[in-house]
Amino acid sequence: MEFENIRDIAVYGTDCIADISRGSDETCRFVSAKEKYFTVQNENGTLTVTQKTGNIFYRIITKKFEFKLILPKSFDGRLRFRNKNGGLYIKNCNFRDTDLHTLNGVLDLENAGCDELSLKMRNGRIELKKLTVKNGVSVKCANGYVKAEELTSAAFSVSGSNVTLNAADVKTDKFDCSVDNGSFSVSAVDAQDIKLETSNGKIDLLAAGSRDDYRLSLETAHGSVAVDGTPGKNISDPAGADKKITVKTSNGDIDIRFA
């Protein structure tokens with residue numbers, strides 16, 4: 001199926017796998033071997049893809065409902081995605097803003113840009129790589145894994161429960177990750193304000209710069225604290241340095257390094 005003059009995208013699925021990429025012309029294309037299981041409509045410039053509700057028999061036989069959405073070359077509109085038991089894979093695209101929700105699924109974005117990025121996930125995985133987000137990235141997660149690499153944004157935040165966060169090469173003004181029951185491994189982060197708070201988990205941080213660049217507030221109730229390999233106790237620096245690092249966990253070790 002081909003569509004012209006598409007400004008925004010909306011996808012509503014139950015167990016579909018969506019692959020979204022940028023095309024070489026100004027036509028929007030929907031491609032699927034299981035096209036009959038989707039309703040695809042263009043209403044006033046918004047392309048809506050809806051997975052049809054079928055009976056239990058064909059859902060058992062046809063386990064995957066995959067489709068590709070090839071966007072116009074100059075597309076920079078809004079993307080809204082709601083799905084469960086499936087996945088969303090985005091590569092080489094630009095959006096005005098994105099609002100992505102999944103349950104028991106995957107959200108995978110690579111080499112993309114947008115004004116604002118909002119992701120909500122439960123029981124799944126989020127992977128972000130080579131992204132430029134003008135205003136901010138907001139991740140809300142329960143029982144999942146979040147990975148971010150080569151990301152530039154005004155702000156980056158993760159909240160939720162039972163979260164494993166792995167972040168590397170992130171440049172932002174504010175890096176704020178606060179969860180219940182999780183562990184953080186964060187490296188090569190360049191930010192004015194870094195906040196990492198969890199419970200029942202270890203926190204490893206490699207921050208850009210030197211120890212003197214930051215005011216540190218490090219606290220663990222049952223664990224050890226180390227700064228640049230030197231063991232110590234809970235730390236609370238007085239005001240002074242422009243940058244700030246706040247790290248807190250109740251049952252876990254804290255290891256902070258600078259480079």
Side-chain angles (χ1 to χ4, degrees), residues 117 119-122 124-133 135-259:
L117 177 59
L119 307 100
K120 292 184 180 180
M121 181 266 291
R122 184 176 180 183
R125 185 175 84 250
I126 293 174
E127 296 199 20
L128 311 173
K129 186 174 182 180
K130 295 183 179 179
L131 300 187
T132 300
V133 183
N135 296 325
V137 177
S138 174
V139 177
K140 295 183 179 180
C141 177
N143 309 318
Y145 172 76
V146 179
K147 184 176 183 179
E149 292 182 299
E150 300 179 64
L151 188 150
T152 300
S153 177
F156 179 84
S157 70
V158 177
S159 61
S161 59
N162 305 316
V163 179
T164 298
L165 170 66
N166 190 321
D169 194 10
V170 176
K171 187 173 183 180
T172 182
D173 291 333
K174 187 173 184 179
F175 190 97
D176 185 350
C177 301
S178 302
V179 305
D180 294 324
N181 301 317
S183 61
F184 299 149
S185 178
V186 180
S187 61
V189 172
D190 185 356
Q192 288 292 117
D193 188 349
I194 300 173
K195 180 180 179 182
L196 302 173
E197 293 191 357
T198 185
S199 56
N200 305 314
K202 182 180 180 181
I203 298 176
D204 293 323
L205 169 65
L206 174 63
S210 67
R211 166 69 174 86
D212 293 338
D213 295 332
Y214 295 88
R215 285 178 286 133
L216 300 186
S217 176
L218 312 179
E219 180 183 348
T220 179
H222 303 286
S224 62
V225 175
V227 177
D228 273 339
T230 302
K233 299 180 180 180
N234 292 347
I235 295 174
S236 181
D237 288 342
D242 292 335
K243 296 183 177 181
K244 180 171 64 174
I245 294 177
T246 303
V247 177
K248 184 177 181 180
T249 181
S250 56
N251 296 297
D253 297 336
I254 295 174
D255 188 350
I256 308 297
R257 296 176 185 269
F258 301 90

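All residue numbers refer to positions in the sequence shown, counting from 1.
Counting only distance, with no hydrogens or angles, the side chain of T220 and the backbone of D253 share no donor-acceptor pair below 3.5 Å. With hydrogens and angles disregarded, no donor-acceptor distance shorter than 3.5 Å links the side chain of T246 to the backbone of S217.
Separating the NZ atom in K195 from the NZ atom in K244 is a distance of 8.5 Å, to the nearest 0.5 Å. Distance CG/L206 to CG/D255: 9.5 Å, rounded to 0.5 Å. For the atom pair I203 CD1 and I254 CD1, the distance stands at 5.5 Å (nearest 0.5 Å). Rounding to the nearest 0.5 angstrom, the gap separating the CD1 atom in I235 from the CG atom in L216 is 6.0 Å. Rounding to the nearest 0.5 Å gives a distance of 9.5 Å between CG of L128 and CD of E149. Atom CG of residue L151 and atom CG of residue L131 lie 5.0 Å apart, to the nearest 0.5 angstrom.
Paired with K243 under the rule salt bridge (Lys or Arg N to Asp or Glu O under 4.0 Å), one option of D190, D212, D193, D173 passes, and it is D190. Screening T198, N200, N181 for a side-chain hydrogen bond (donor to acceptor under 3.5 Å, both in side chains) with N251, the sole residue that qualifies is N200.
When all heavy atoms of V146 and V163 are compared, the pair lying nearest together is CG2-CG1, 4.2 Å. Pairing each heavy atom of M121 with each of Y145, the nearest pair is CE-O, 3.9 Å. Residues C177 and L165 come closest through the heavy atom pair SG-CD2, 3.5 Å. Residues G209 and F258 approach most closely at O-CB, 3.2 Å, considering heavy atoms. Between A191 and I194, the shortest heavy-atom distance links the atoms CB-CG1, 3.8 Å. The nearest pair of heavy atoms linking A221 to S250 is CB-O, 3.3 Å.
Side-chain contact of T164 with N166: a donor-acceptor pair under 3.5 Å is absent, judged by distance alone. Looking only at atom types and distance, the side chain of S185 has no donor-acceptor partner in the side chain of D204 under 3.5 Å away.
Heavy atoms of other residues, nucleotides or ligands lying less than 6.0 angstrom from CZ of R211 number more than 12.
A heavy-atom distance below 4.5 Å is not found between the side chains of T249 and L196. A heavy-atom distance below 4.5 Å is found between the side chains of V225 and N234. Using a 4.5 Å heavy-atom threshold, the side chains of F184 and V179 count as touching. The side-chain heavy atoms of F175 and V186, taken from C-beta on, include a pair separated by under 4.5 Å.
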**OP:** Might you work through the salt bridge (Lys or Arg N to Asp or Glu O under 4.0 Å) test for E127 and R125, ending with a clear yes or no?
**Re:** CA-CA 7 Å; E127 296 199 20; R125 185 175 84 250; 2.7 Å; yes
**OP:** Report the C-alpha separation of S178 and D176 in whole Å, then their side-chain angles, then the decisive distance to 0.1 Å, and conclude whether the side chain to side chain donor-acceptor pair (under 3.5 Å) test is met.
**Re:** CA-CA 7 Å; S178 302; D176 185 350; 3.3 Å; yes
